[in-house]
Amino acid sequence: MDEDTFAQLSAMSQNLQKRALALSHQGKEADLAMLMSAQALTMEAVKSLGEALNRINGPLGLGAAGD
């Protein structure tokens, strides 16, 4: 994953968390708010896995990333 993908995942995750929080405070759409929050957490997990894989593979041109 490249830095642009990481930035997009972070931005989407933050937006979903904000929206979920707003919905939960309104007392409406609690199920939707919970789903949005779960999706945001999933995006953060994908981002974390991508960063770990990038560290394992090393810089482009070395190891598996350069194949």
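Note that the structure is predicted; figures quoted are calculated from it, not measured.
- Sorted pairs that involve residues 10-22 and meet salt bridge (charged side-chain N to carboxylate O under 4.0 Å, His left out), not counting sequence neighbours, are lacking altogether.
- Taking the side chain to side chain donor-acceptor pair (under 3.5 Å) definition, one finds that Gln8 meets it with Asp4, sequence neighbours left out.
- Note that CG of Asn54 and CG of Leu49 are 11.0 Å apart. Values are rounded to the nearest 0.5 Å.
- Closest non-hydrogen pair, Ser37 versus Ala20, comes out as N-CB, 3.9 Å.
- Under the side chain to side chain donor-acceptor pair (under 3.5 Å) criterion, Thr42 pairs with no residue at all, not counting sequence neighbours.
- Legend: residues meeting side chain to side chain contact (heavy atoms under 4.5 Å, CB included) with Leu35, ordered by chain and number and at least two apart, are absent.
- With sequence neighbours excluded, no residue forms a side chain to side chain contact (heavy atoms under 4.5 Å, CB included) with Ser48.
- Among residue pairs with one or both ends in residues 42-53, those qualifying as salt bridge (charged side-chain N to carboxylate O under 4.0 Å, His left out) are Lys47-Glu51; sequence neighbours excluded.
- The line from CG of Asp31 to CE of Met36 is 13.0 Å long, rounded to the nearest 0.5 Å.
- Put simply, Leu32 and Leu41 are part of two different groups of oily side chains (I, L, V, M, F, W, Y) that touch within less than 4.5 Å, one to the next.
- Side-chain atoms of Val46 and Met43, non-hydrogen and from C-beta on, never get closer than 4.5 Å to each other.
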